[in-house]
Amino acid sequence: MAAPTVTASLNATSYAPGAQMLLTVTYGDPDTKTVTVTVVVTDAQGNSSAPAKVNAVIDPLTVTVTDDSKRTWTRVSDNGTVAVYRAVA
């Protein structure tokens, strides 16, 4: 299995106390896979339902953000490849 990849950047290099800090995390995993399951129900007369589909991710990723000052980082957004977190300096 391939290791996940991650890059991170802050919106500034220094902050005044109380200032908002924004952290952008770009992440991925080359071997994460999405599987689509399709279900069709058929009765004894051969009548079939329309297909119902559901997706699942195999080997999902979890992003965890901590720093050495123990501040709380709150997720602002996450689209599955880019996450933005906010904290107060």
Side-chain angles (χ1 to χ4, degrees):
M1 297 194 104
T5 59
V6 64
T7 60
S9 62
L10 288 165
N11 64 320
T13 56
S14 63
Y15 300 89
Q20 176 177 267
M21 303 169 68
L22 290 177
L23 173 69
T24 301
V25 179
T26 303
Y27 63 96
D29 189 353
D31 63 0
T32 295
K33 296 184 179 27
T34 301
V35 62
T36 301
V37 178
T38 304
V39 179
V40 175
V41 177
T42 305
D43 65 15
Q45 290 78 34
N47 300 309
S48 297
S49 68
K53 295 185 178 192
V54 64
N55 295 321
V57 175
I58 308 301
D59 193 15
L61 299 173
T62 302
V63 178
T64 304
V65 177
T66 59
D67 69 30
D68 56 4
S69 296
K70 303 203 186 311
R71 70 181 37 85
T72 300
W73 289 89
T74 304
R75 184 175 60 212
V76 175
S77 63
D78 188 346
N79 68 7
T81 58
V82 177
V84 176
Y85 289 81
R86 177 184 305 138
V88 176

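Computed from a predicted structure; not experimentally measured.
Listed for the Thr32 side chain is a donor-acceptor partner under 3.5 Å among the backbone atoms of Asp59. A side-chain donor-acceptor contact under 3.5 Å links Arg71 to the backbone of Val88. With hydrogens and angles ignored, the 3.5 Å screen pairs no side-chain donor or acceptor of Thr38 with any backbone N or O of Pro51.
A continuous path of Ile, Leu, Val, Met, Phe, Trp and Tyr side chains, each step under 4.5 Å between heavy atoms, connects Val25 with Leu61, placing both in one hydrophobic cluster. Taking hydrophobic clusters as Ile, Leu, Val, Met, Phe, Trp and Tyr residues chained together by side-chain heavy-atom distances below 4.5 Å, Val57 does not share a cluster with Tyr27. Transitive grouping of hydrophobic side chains (ILVMFWY, heavy atoms separated by less than 4.5 Å) brings Leu10 and Val65 into a common cluster.
Atom OH of Tyr85 is separated from atom CG of Leu22 by 13.0 Å, given to the nearest 0.5 angstrom. Summarising the geometry, atom CG belonging to Asp29 is positioned 12.5 Å from atom CD1 belonging to Ile58; distances are rounded to the nearest 0.5 Å.
Contact record, Trp73 with Leu23: CZ3-CB, 3.6 Å, taken as the closest heavy-atom pair. In terms of heavy atoms, Tyr15 sits closest to Gln20 at CE2-O, 3.6 Å. Across all their heavy atoms, Val40 and Ser49 have their closest contact at CG1-O, 3.6 Å. Shown here for Ala16 and Ala89, the closest heavy-atom pair between the two residues is O-CB, 3.5 Å.
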